[in-house]
Asker: 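Once you've had a glance at the structure underneath, I'll fire off some questions.
Throughout, protein chains are lettered first and strands after them, A, B, ... in sequence-line order, and every chain is numbered starting at 1.
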Amino acid sequence: MNLIEISNLHVHVEGKSILNGLDLTLRAGEVHAIMGPNGSGKSTLANVLAGRPGYEIVDGSVAFLGQDLTALEPDARAHLGLFLAFQYPVEIPGVSNMEFLKASLDSLHLARGQDPIDTVSFMRRVRGIAEELKLNPEFLKRGVNEGFSGGEKKRNEILQMLLLQPRLAVLDETDSGLDIDALQVVAQGVNSYRASDNGVLMITHYQRLLSHIVPDVVHVLAAGKIVRSGGKELALELEEKGYRWLTA
Amino acid sequence: MSSQSNPDMDALTWSAAPHRAWLDTEALRSRFGTHLESGKTRELWKYTPVKGFVGGMPDRGAAARLDMVGIDQPGVRAVPFAEMTALDTEQVRSLLSNRLEAANHLLADLCLLRAPGGWLIDIEGTLEQAIHIRYLSAGSAPVVVVLRQGASAELIEQTATTGSLAQLLLAEVQEDATLTHHRLALEGDAQHWALQQIRLAANTNYRLHQSLLGGQRRRSEMHVILDGRGAEASLTGAYLVESGQHLDQQLTVEHRAGDTLSRQTFHGIGCGKGRSIFNGRIHIHPHAARSDAALSNRNLALHPEAEMNSKPELEIYTDDVRCAHGATVGQLSEDSLFYLVSRGISPTEARRLLSHGFLRECLDGPLAETAAERFMMALG
Ligand SMILES: Nc1ncnc2c1ncn2[C@@H]1O[C@H](COP(=O)(O)OP(=O)(O)OP(=O)(O)O)[C@@H](O)[C@H]1O
Ligand SMILES: [Mg+2]
């Protein structure tokens, strides 16, 4: 079953063409990695999938679980099971993590016609995940990402993924800025999330992550297109040779 | 001495005038007359027409009824002006006449002229319980607070009247003393004038948490004077202006001594066709070397016809200082909004969370929940 099917996607940002005919299909149970030079359009793709305003889709289509994703508002995409772990998570002082996480989970339950989770079970669940990710549960009382280190912000993204249990998780450089131990913790989190009915689209610059989370497919994105796709050994080849041989 | 435990409420409403003997009313009157017409006054009252405001001030002889809790604990002496000792009288007279500069605080003179009395609250040592003053009726209410050397107190002031109220609070914080001050005024349809003037001697610490709603006309003047080495002030405030409301805040922080520190953080939201003025002045005097001052005033205009004015003013007369000043008027951050909706939260709920959070950043202390509830009611 296809979780997501992107065909011939063309996207403009401020009148500039950033994605130029991108194709990608990810099936349930799969992990795909996207690698590529800085500025090639990786975050653009992630943002377009999540529905960030300011991106103009000029051609192509995106089907998520058989639905036209581009017709949905960002919150409706999340309700359907899409999740983006941001490359640069924002800090929101004044709104506590706890309040934010509860509002997120409640909104998914509401949209799916499920009963809201009671506060005690919610707290237990969040604390459990925080422990798994070695995040001090004190962070729940603080503002969203407020004063978090780079690595803590990334772990908070994974915490949200584990709490919200999306069908497709798009991870935009979640490994960047993590120390070696944190990388392992995050990788364990992602591996524990993997299941036969969900999928991961993982943007990364580093082969190292892929030895912890083994991808089914590795894509190379350059100048707004997938220029090469292969198995996990492609990442090793890239590590050795760089991108030039593919983009020349 | 709360109103519940003390049936004799007359003790809290002032009989006319024995205290006036020591107050030079003639001088006050002529000073008021001169300053009413001055160019400085026009500048300080640019957005709030002064004559209309004067017209709405409490009548002569009208005393605001106060409810005071915590004044019968050890270390506190609360005395009506009319019952002060000769020593008290001399101190209050000198504070009121020397400290209030009519050029900047025109209505303080009017408040004193019209008030039939007032209170001296004299504090010694570390108080166990907060002093909680509630302003229950229209009228004028001058209060002089003296924290003696090394004293430590928490002062809560809360308005509870839709009548015209004039609050004049003068606090004299002596060496090594600490004052934590909470202020709340949430009546949306009142005329309300307030001046808090706080003088901080050496090695003192002053903290303010203030929450204000716009009023029919509300003017809040806050004047903090760091007057001794090592004095520190930290002021935070949240405010909200709804349709038809007016809120004029004048904040002045003066560093008159070196090695002093001040931090000011004020967040405000306009959520209807109303007007907010925030004038934040930092004044660093010539001998106040190594002063460190920072003022941040952020405003959100959440309604197309919300008028949010923020004017920073810096007067710095010495080189060896650190001073940061930021004033912004804007909208909710698109990035923050997107972060929330990408998690499934509806745009309406996301705006609500963010605007509450923006004000909550500046809420703290025992009145925070009351303020938050009122603000949330306005923000939906
Ligand atoms: N809002 C914007 N306005 C103008 N140009 C933009 C905007 N957002 C992205 N771009 C441009 O689009 C291109 C692709 O950016 P994108 O962030 O998708 O790259 P990336 O592949 O994620 O790079 P990196 O590896 O550095 O994260 C870049 O040239 C960038 O400057
Ligand atoms: Mg990127």
Side-chain angles (χ1 to χ4, degrees), chain A residues 46-55 72-112 114 142-146 153 156-157 159-161 163-166 169-170 172, chain B residues 209 211 236-240 263 265-269 271 294 296-300 302 326 328 330-365 368-369 371-376 378-380:
Chain A
N47 284 320
V48 166
L49 294 180
R52 187 191 277 272
Y55 296 83
L72 299 176
E73 293 298 324
D75 51 336
R77 300 181 193 202
H79 300 160
L80 203 56
L82 188 85
F83 178 88
L84 168 61
F86 287 78
Q87 183 173 2
Y88 304 110
V90 291
E91 295 194 19
I92 312 180
V95 178
S96 75
N97 269 294
M98 160 85 174
E99 187 181 15
F100 161 62
L101 295 171
K102 183 79 164 58
S104 302
L105 193 58
D106 284 350
S107 73
L108 298 190
H109 286 155
L110 182 72
R112 293 167 190 166
Q114 296 159 344
R142 286 159 62 183
V144 174
N145 293 320
E146 187 185 1
K153 284 180 187 165
N156 194 18
E157 295 294 290
L159 179 137
Q160 292 163 48
M161 177 193 81
L163 177 71
L164 302 178
Q165 288 293 320
V170 180
D172 191 355
Chain B
H209 301 294
S211 305
T236 55
Y239 53 94
L240 184 108
R263 291 287 177 268
T265 313
F266 288 80
H267 285 186
I269 289 184
C271 63
S296 155
N297 174 228
R298 292 171 57 201
N299 295 276
L300 292 178
L302 297 186
T328 61
Q331 311 291 318
L332 290 172
S333 143
E334 288 297 328
D335 286 346
S336 300
L337 269 175
F338 181 65
Y339 192 70
L340 297 187
V341 297
S342 80
R343 299 305 184 236
I345 298 169
S346 73
T348 311
E349 173 72 1
R351 282 195 195 93
R352 202 181 63 84
L353 280 170
L354 290 178
S355 47
H356 289 183
F358 177 73
L359 292 181
R360 208 174 300 138
E361 276 185 78
C362 291
L363 289 179
D364 201 354
E369 274 319 299
E373 267 171 39
R374 180 60 186 83
F375 291 158
M376 283 180 200
L379 293 168

Asker: Side chain, backbone, both or neither: which part of A/P166 has a heavy atom under 4.5 Å from chain B?
Answerer: neither
Asker: How far apart are the closest heavy atoms of B/I345 and A/D75, and which atoms are they?
Answerer: O-CB, 3.6 Å
Asker: Heavy-atom pairs under 4.5 Å with chain A - which of B/L359, B/L340, B/L363 has more of them than the others?
Answerer: B/L340
Asker: From B/H209 NE2 over to B/T265 OG1, what is the distance, rounded to the nearest 0.5 angstrom?
Answerer: 11.0 Å
Asker: Check whether B/Y339 forms a cation-pi arrangement with B/R343 (NZ or CZ under 6.0 Å from the six-membered ring centre, at most 45° off the ring normal).
Answerer: yes
Asker: Which atoms of A/A111 come close to chain B, meaning under 4.5 Å heavy atom to heavy atom: side chain ones, backbone ones, both, or neither?
Answerer: neither
Asker: Does either side chain, that of B/N299 or that of B/Y239, offer a donor lying less than 3.5 Å from an acceptor on the other one?
Answerer: yes
Asker: To the nearest 0.5 Å, what is the distance between CZ (B/R351) and OG (B/S336)?
Answerer: 12.5 Å
Asker: Is chain B contacted by the side chain of A/R77, its backbone, both, or neither, given a heavy-atom distance below 4.5 Å?
Answerer: neither
Asker: Using a 4.5 angstrom heavy-atom cutoff, name the option from A/I92, A/L105, A/L82 with the most pairs to chain B.
Answerer: A/I92
Asker: Please flag which part of A/E73 lies under 4.5 Å from any non-hydrogen atom of chain B: side chain, backbone, both or neither.
Answerer: neither
